[in-house]
Amino acid sequence: QVQLVESGGGLVQPGESLRLSCAASGKIFSPYVMGWYRQAPGKQRELVAVITSDGTINYVGSVTGRFTISRDNIRNTMYLQMNNLKPEDTAVYYCNARSLAYDYNYWGQGTQVTVSS
């Protein structure tokens, strides 16, 4: 019974910051990759950032330099620090944990991030 719970979303003005958290409960076999995805109302879901168990990180180009992904392997918690937010960052942000080796793919229910004046 693995569960991923996102928190930290909200309404902010352009240029402000938010920090998202994703807490995983239950036993998860390692290694696994964690990532943040987002989906805006009229757009396809896109990968925002991923981080592996050993700390390898990749970002989508539109957030590089503004967002920072990190994870605490002991607490099984992942974070997304979002700085200098833009209106185009508005979306529902989803937490994901997956493993090809152990054939699992878990999703959180999402947290809304709205960037507007």
Side-chain angles (χ1 to χ4, degrees):
Q1 50 186 33
V2 174
Q3 182 176 241
L4 303 179
V5 180
E6 303 97 335
S7 62
L11 173 63
V12 297
Q13 296 183 28
E16 295 183 343
S17 299
L18 283 173
R19 177 178 156 102
L20 305 183
S21 298
C22 172
S25 61
K27 297 185 182 299
I28 304 179
F29 288 97
S30 295
Y32 64 95
V33 177
M34 297 192 77
W36 289 99
Y37 292 75
R38 67 185 181 187
Q39 186 165 23
K43 300 181 179 180
Q44 299 181 37
R45 185 186 68 180
E46 68 171 344
L47 176 66
V48 178
V50 295
I51 182 168
T52 66
S53 296
D54 66 359
T56 302
I57 295 171
N58 283 285
Y59 299 97
V60 67
S62 60
V63 309
T64 300
R66 299 188 297 120
F67 291 11
T68 302
I69 189 173
S70 61
R71 67 189 287 176
D72 183 332
N73 289 330
I74 296 176
R75 293 176 177 269
N76 286 329
T77 302
M78 177 180 63
Y79 307 94
L80 185 66
Q81 178 66 44
M82 305 184 295
N83 296 328
N84 191 24
L85 283 161
K86 303 176 179 180
E88 52 263 42
D89 296 318
T90 296
V92 177
Y93 284 71
Y94 297 94
C95 174
N96 173 257
R98 64 179 176 86
S99 173
L100 293 179
Y102 295 101
D103 296 320
Y104 63 76
N105 188 13
Y106 303 117
W107 290 91
Q109 292 184 299
T111 185
Q112 177 71 48
V113 172
T114 302
V115 185
S116 176
S117 298

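What's counted below: heavy atoms across the whole structure, side chains too, no hydrogens, waters or symmetry copies. On a predicted model such as this, the values are computed, not experimentally measured, just so you know.
Side-chain contact check for T114 and Q112: at least one donor-acceptor pair (N or O, by modelled atom type) lies under 3.5 Å. A donor and an acceptor atom, one from each side chain of R45 and Y37, are nowhere located under 3.5 Å apart. A donor atom on one side chain and an acceptor atom on the other are not found under 3.5 Å apart for N105 and Y32.
Of all non-hydrogen atoms in G110 and E6, the two that sit nearest each other are N-OE1, 3.0 Å. Residue V63 comes nearest to D89 through the heavy atom pair CG1-OD1, 4.5 Å, listed as atom of the first residue, atom of the second, then distance. Considering all non-hydrogen atoms of both residues, S62 and R38 come closest at OG-NH2, 3.4 Å. Across L4 and Y106, no two heavy atoms sit closer than the pair CD1-O, 3.4 Å. Across every non-hydrogen atom of V113 and M82, the tightest pair is CG2-CE, 3.9 Å. Taking each heavy atom of T64 and V60 in turn, the nearest pair found is OG1-O, 3.1 Å.
Applying the side-chain hydrogen bond (donor to acceptor under 3.5 Å, both in side chains) test to pairs two or more places apart or on separate chains, those with a residue in residues 50-60 are T52-D54, D54-T56.
Distance alone, capped at 3.5 Å, places no donor-acceptor pair between the T68 side chain and the Q81 backbone. Under the 3.5 Å distance criterion, the side-chain polar atoms of R71 are matched with a main-chain donor or acceptor of I51.
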Acceptor/donor pairs from residues 9-30 side chains to any protein atom, 3.5 angstrom cut, sequence neighbours excluded:
residue, atom, partner, partner atom, Å
E16, OE1, Q13, N, 3.0
S17, OG, N83, OD1, 3.0

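Under the 4.5 Å side-chain heavy-atom criterion for grouping Ile, Leu, Val, Met, Phe, Trp and Tyr, M78 is connected to I57 within one hydrophobic cluster. Note on L47 and W107: same hydrophobic cluster, where clusters join Ile, Leu, Val, Met, Phe, Trp and Tyr whose side-chain heavy atoms are under 4.5 Å apart, directly or indirectly.
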For this session: Decide side chain to side chain contact (heavy atoms under 4.5 Å, CB included) for L100 and Y104; before the verdict, give the C-alpha distance in whole Å, the side-chain angles of both, and the deciding distance to 0.1 Å.
Result: CA-CA 7 Å; L100 293 179; Y104 63 76; over 6 Å; no
For this session: For side chain to side chain contact (heavy atoms under 4.5 Å, CB included), just list the numbers for L80 and Y93, CA-CA rounded to whole Å, side-chain angles, deciding distance to a tenth of an Å, and then say yes or no.
Result: CA-CA 10 Å; L80 185 66; Y93 284 71; 4.2 Å; yes
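Between M34 and R98 there is no side-chain heavy-atom pair separated by less than 4.5 Å.
Applying the ring pair (Phe, Tyr, Trp, His ring centres under 6.0 Å) rule to Y94 yields no partners; only residues at least two apart in sequence or on another chain are considered.
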